[in-house]
Structure formats: C-alpha cells, structure tokens
Amino acid sequence: MTKFIFVTGGVVSSLGKGLTSASIGMLLEGRGLTVRMQKLDPYINVDPGTMSPYQHGEVYVLDDGSETDLDLGHYERFTHSPLTRDSNYTTGQIYLSVIEKERRGEFLGKTVQVIPHITDEIKSCIHKLAEPGVDVVITEIGGTVGDIESLPFLEAIRQFSLDIGKENCLYIHLTLVPYLKAAGELKTKPTQHSVGQLRQIGIQPDILICRTERSISREDREKMALFCNVPKDAVIEEKDKDFSIYEVPLSLVDHGLDSLIVRKLGLGLKAGLPELDNWRQILHTLRNPKHEISIAVVGKYAEHKDAYKSIYEAIDHAGLHHAAQVRVGRIQSEEIEREGAARLLSGYDGILVPGGFGERGIEGKIEAIQFAREKGIPFFGICLGMQCAAIEFARHVVGLNGAHSTEFSKDTPHPVICLLDEQRNITDKGGTMRLGAQPATLADGSRAREAYGKERISERHRHRYEFNNMYRQQFAAHGFAFTGTSPDGKLIEIIELPDHPWFLAVQFHPEFKSKPTAAHPLFAGFVGAAIERHSQRGERLAEATTS
C-alpha cells in the first residue's frame with residue numbers, strides 16, 4: 001500500500017518547505033523507494049501563469065504544459081519523480097472543479113460545502129498519485145499554519161489518517177527556531193505555538209524539522225519534544241546552509257531523518273541502505289573548483305532571485321559539470337539603458353539574457369546582446385532573450401531600422417518577431433501560448449547538435465511570439481544560422497552565429513530540464529565557452545605582464 005507524507009510549515013513563510021520536501025524525496029529514492037511529489041497551493045488563482053514574478057517567483061513549466069509553482073523545480077532537480085498537472089493544485093483549481101460538478105448536477109441536489117465536498121476533492125487529488133508501484137506520495141501544503149486560506153487543505157489531510165489508517169501517513173512540520181542576539185539564545189516558543197495551532201486543527205505532527213541559524217542544544221530539543229508532544233529523536237535540526245542548498249539532504253541524513261521516516265511508515269522491508277555517493281561527489285566538486293568565472297544575467301526581474309530560480313540553478317549545474325565556481329551578476333536591463341552595457345558588463349566571462357513578458361527593459365537587453373556580439377563574449381539567450389537577439393541582429397547587422405517585435409511595437413516597419421497568425425495576416429490572434437514539451441530538429445555541424453549529441457530533442461516552451469519566417473533569407477544572408485527548427489521546419493527554435501566564439505539563443509526553456517547530477521548540455525556548453533574565454537584572457541594578461 002502507498003504511504004503518504006504531508007509537509008506543513010509554521011511561524012513564517014519562505015522557510016524552505018519545497019526544498020525540504022524535495023530532499024525527503026531524494027533520500028527515500030536513495031533508499032530504493034519509488035516516490036511521487038505534489039504541491040497544494042492555497043491561493044485562489046487557478047495557476048501561477050498570470051501571477052507577477054515579484055510576488056510568486058518563476059512559473060515552472062512541465063512537459064504536459066502545466067504552469068506550476070517553482071517548488072516543482074526543486075522536486076525535478078532533486079528526484080526522479082515524474083511530474084504532471086496532478087502534481088500541483090491550487091484553491092482555484094479545487095473550487096473550480098467542485099463548482100463545475102455542481103453545475104452538472106453531480107451532487108444530486110445536496111448543499112455543496114467546504115466539508116465534505118471541497119475536502120473530498122482535495123483528497124481525491126492526493127490519491128491520484130498513489131498509482132501501483134508507488135511507495136510514498138509526498139504532499140507539501142503551501143502557506144503557513146494559521147492562514148485562513150490553508151484550512152481546507154489542512155482539514156483534508158487531517159481526515160486522511162482516518163481514511164487510510166494512521167500507520168500509513170506521516171505528518172512533518174517545518175518550523176522556525178529563531179536566535180535572539182540580545183538574549184544570546186534560541187527561542188522555542190514560536191515552534192510551540194505553531195504546533196499548538198496545528199493540533200487545534202486536529203493534526204499531531206510526527207516529526208518536527210526546525211530551521212535555525214544556530215545549532216540546537218539537547219536541552220532545547222528536549223523542551224520542544226515535551227511541549228510539542230513528539231519523541232526527542234523526531235526533533236530534527238535543519239541549520240541554514242551558507243555554502244549550498246545541496247547540503248540540505250546530507251544534513252538531514254546526518255540527523256537521521258530518512259531512517260526515522262522509514263521506521264515510522266514501516267518501510268524497512270522495502271528500503272535499502274541510502275545510496276548518496278553521487279550527492280557527496282557534488283558537494284566535493286563544489287568545495288574544490290578548478291575554475292572560477294563570472295556570468296552576467298541581464299533581466300527585468302534581476303533583483304528578485306526567485307524570478308529566475310531555474311536559470312541560476314542551471315548555471316550552477318553547468319559549473320558542477322566543469323568543476324567551476326560560477327559567480328553570477330544579476331543585472332537589471334533597465335540599468336543598462338541608463339548606464340550603458342560597457343560600464344556594467346565589461347569583465348564578465350559570459351552574458352545570459354533570460355525570458356520574460358512586457359516591454360520594460362527590452363532596449364537594455366538588446367544593448368547587452370549587441371555588446372556580447374561585438375566584443376566576442378559568450379552569449380546565451382533564452383525565450384525572449386532569443387527574440388531580442390533577432391531584433392538586435394536585424395537592426396545592427398541586416399540594416400532593418402526600427403525592427404522590433406509586435407509584442408512591443410504593433411506598427412514596427414520590420415516585425416521580425418510576431419504572432420504566427422500575424423505572419424498569415426489573420427486578425428483573430430487568440431491568446432494561446434506554446435506550452436510544454438515540443439520536439440525540435442538540430443542542424444548538422446551546429447553547436448547545438450554538438451552539445452546535445454543527437455538530431456532530435458524535446459524541450460519545454462512558454463511563449464506566444466515567434467521568429468517571422470518572412471525574414472529568414474535576409475538573416476541567413478548576413479550569417480545568422482537557424483540551427484534548430486520544429487520538425488516541419490516552420491518554427492525557429494535555435495539560432496547561432498557561427499563566426500562568434502559562442503553565440504546561441506533558443507526559443508524554449510532549457511533551464512527546466514537541468515539537474516545537479518546532469519547539467520543541461522546548452523548550459524554546459526555556454527559555461528564551457530565562458531571558462532575558455534576567462535582562460536584566454538588570463539593568458540593574454542600573463543603575456544602582457546611578462547613582456
């Protein structure tokens with residue numbers, strides 16, 4: 001029978017439930033168990049697709065086109081759990097489903113209520129992941145205990161133990177143990193209050209995971225165990241990691257979390273000894289880099305780190321691939337418009353322009369791309385970054401003055417980027433995005449083909465606008481290479497400048513398929529080019545010094 005783990009959070013938000021849940025999944029997989037991951041979000045939006053990156057961080061896209069919470073990125077990077085639209089549900093989706101059932105008459109005239117109809121819908125969403133062969137389903141509950149929005153989800157998971165038996169589910173509560181500098185001590189009272197709120201709802205946590213910036217003493221652990229009604233060995237320290245988030249799983253192993261879960265869920269006969277050698281090798285490589293380089297990420301949400309979460313992670317993975325420490329400079333594209341690319345980007349070994357929506361900061365991105373192209377700096381463009389690369393090339397190489405995307409300039413004389421329907425002169429453009437995994441074919445002899453090592457690939461998309469095929473011949477005549485297309489050749493997926501040290505841009509989002517154990521090939525190629533540039537600059541500097 002499938003076992004269920006529910007991860008809740010208390011005291012404050014942003015404690016790292018997603019990272020902790022992903023780490024638990026990784027540890028159980030490391031013991032030979034089959035795991036499925038899920039996030040339940042309390043906001044009323046149907047999905048995060050229309051939410052601001054400043055409020056919600058990046059929108060993480062799955063193969064099936066689902067626009068999901070960024071925590072699912074942690075799940076994919078840390079585990080092998082296949083993720084689908086059933087891996088992320090929101091309050092909006094739950095209520096929408098129940099209301100649609102009511103409209104169809106499925107409740108036979110009953111009064112539709114939070115209990116049992118909403119909670120039953122939530123439970124059915126959790127049960128969907130309990131397929132044959134799945135040992136453990138890990139469900140993270142978004143928000144914080146005490147939030148009114150989370151109550152239906154908490155009530156649903158409370159009922160779960162009654163439905164399937166307490167021995168088949170486990171409640172893990174992540175909480176904060178703050179350090180008061182003035183008092184010189186850790187404070188356990190916030191954790192006690194958080195667990196008290198959870199118990200009022202009817203959930204007794206089986207395991208406490210305590211986020212803290214200082215080590216927790218034996219006395220404090222005993223105090224929390226006593227007042228929170230959990231065994232002492234079930235109070236698990238999760239100390240802040242200054243070095244890398246990839247330390248978290250091994251830290252939890254050191255505190256016995258995986259063994260505790262296996263024992264409490266009766267999985268001893270299925271679970272083997274933990275196999276974590278590859279993870280330990282990751283940390284060894286991080287601590288012993290052979291190279292050190294710098295990459296500038298030029299975006300409109302640069303000041304909000306979570307907006308480009310997967311980008312930064314994929315850069316780190318590529319650094320691991322090359323045993324390199326990559327220092328990332330987060331550059332606001334609007335700052336480039338004010339201060340110039342030369343002033344802000346000189347000295348970087350590579351420049352990456354990520355995706356985004358809206359006109360703000362576009363000219364700064366275009367200027368950054370021009371700087372990278374003219375100075376021979378390795379450049380990687382992603383989604384809108386590819387479109388900006390096409391606009392820059394059109395203006396400054398092909399000679400198409402005023403070239404732009406119709407997303408930002410409806411009356412541009414040269415719409416090198418446009419909606420597909422605009423290319424066919426259709427006025428009803430609709431609002432459909434290209435979402436999810438789609439195939440592409442790579443050209444022989446291209447950098448992309450060399451990086452992937454194969455002709456056909458599949459990558460995830462999230463965009464509306466495309467390269468305008470009417471301009472293909474003009475671009476190609478000036479050395480612009482279209483090295484990746486849809487299988488029918490109608491959609492441009494990858495562009496390159498063969499005469500540049502490394503200039504490549506893609507219409508899709510490769511960052512969503514990168515893992516610490518398997519860097520994405522394009523990110524690996526980009527970082528490799530940046531390392532080569534850094535090395536060449538160092539050699540030239542050494543020659544100049546000796547001469």
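The shown structure was predicted, so the numbers you read here are calculated from the model rather than taken from an experiment.
Between Thr139 and Val7 the shortest side-chain heavy-atom distance does not fall below 4.5 Å. Side-chain contact between Asn45 and Thr90 is absent, with no heavy-atom pair separated by less than 4.5 Å. Annotation: side chain of Glu407 is not in contact with side chain of Ile417 (no heavy-atom distance under 4.5 Å). Between Leu491 and Arg434, some side-chain heavy-atom pair lies under the 4.5 Å cut-off. When side chains are defined from C-beta on, Thr68 does not count as touching Ser87, because their heavy atoms never get closer than 4.5 Å.
Under a 4.0 Å N-O distance rule, the pair Arg462/Glu67 qualifies as a salt bridge. Checked for salt-bridge contact, Arg287 and Glu247 meet the test: a charged N lies under 4.0 Å from a carboxylate O.
Of the options Thr212, Thr175, Thr20, a side-chain hydrogen bond (donor to acceptor under 3.5 Å, both in side chains) to Glu238 is made by Thr20 and by none of the others.
For Asn288, the side chain to side chain donor-acceptor pair (under 3.5 Å) partners two or more places apart in sequence, or in a different chain, are His284. Asp499 meets the side chain to side chain donor-acceptor pair (under 3.5 Å) test with no other residue; sequence neighbours excluded. With sequence neighbours excluded, no residue forms a side chain to side chain donor-acceptor pair (under 3.5 Å) with Lys300. Checked against side chain to side chain donor-acceptor pair (under 3.5 Å), Ser13 has no partners two or more places apart in sequence or in another chain. Remark: Tyr43 engages His56 in a ring pair (Phe, Tyr, Trp, His ring centres under 6.0 Å) (not counting sequence neighbours).
Contact detail for Pro48 and Asp69: the closest heavy-atom pair is CG-N, 4.0 Å. Across all non-hydrogen atoms, the minimal contact from Asp349 to Arg533 is O-CD, 3.6 Å. In plain terms, the two heavy atoms of Glu334 and Gly361 that are nearest each other are CG-CA, 3.9 Å. Residues Ile336 and Gly364 share a closest heavy-atom pair of CG2-O, 3.6 Å. Considering every non-hydrogen atom in both Tyr471 and Pro413, the closest pair reads OH-O, 3.9 Å. The two residues Phe78 and Pro249 come nearest to each other via the heavy atoms CE2-CG, 3.6 Å.
Note on residues 40-63: pairs passing salt bridge (Lys or Arg N to Asp or Glu O under 4.0 Å), not counting sequence neighbours, are Lys39-Asp41, Asp63-Arg460. The salt bridge (Lys or Arg N to Asp or Glu O under 4.0 Å) pairs that include a residue from residues 503-532 number zero, where partners must be two or more places apart or lie in different chains. Note on residues 387-400: pairs passing salt bridge (Lys or Arg N to Asp or Glu O under 4.0 Å), not counting sequence neighbours, are Glu363-Arg395, Arg373-Glu392. Contacts classified as ring-ring contact (aromatic ring centres under 6.0 Å, His included) and involving residues 347-379 (residues at least two apart or in different chains) are given here: Phe379-Phe503. Residue pairs meeting the salt bridge (Lys or Arg N to Asp or Glu O under 4.0 Å) criterion with at least one member in residues 81-92, sequence neighbours excluded, are Asp64-Arg85, Asp86-Lys128.
Here the straight-line distance linking atom SG of Cys383 with atom CD of Gln507 works out to 5.0 Å at 0.5 Å rounding.
No side-chain donor-acceptor contact under 3.5 Å links Thr91 to the backbone of Ile44.
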Please list every donor-acceptor pair under 3.5 Å in which a side-chain atom of residues 323-330 meets a protein atom from a residue at least two apart or in another chain.
from	atom 1	to	atom 2	distance (Å)
Arg327	NE	Glu292	OE2	2.6
Arg327	NH2	Glu292	OE2	3.4
Arg330	NE	Ala302	O	3.2

N/O donor-acceptor pairs under 3.5 Å from side chains in residues 519-526, not counting sequence neighbours:
from	atom 1	to	atom 2	distance (Å)
His520	ND1	Leu522	N	3.0
His520	NE2	Tyr452	OH	3.4
His520	NE2	Glu459	OE2	2.6

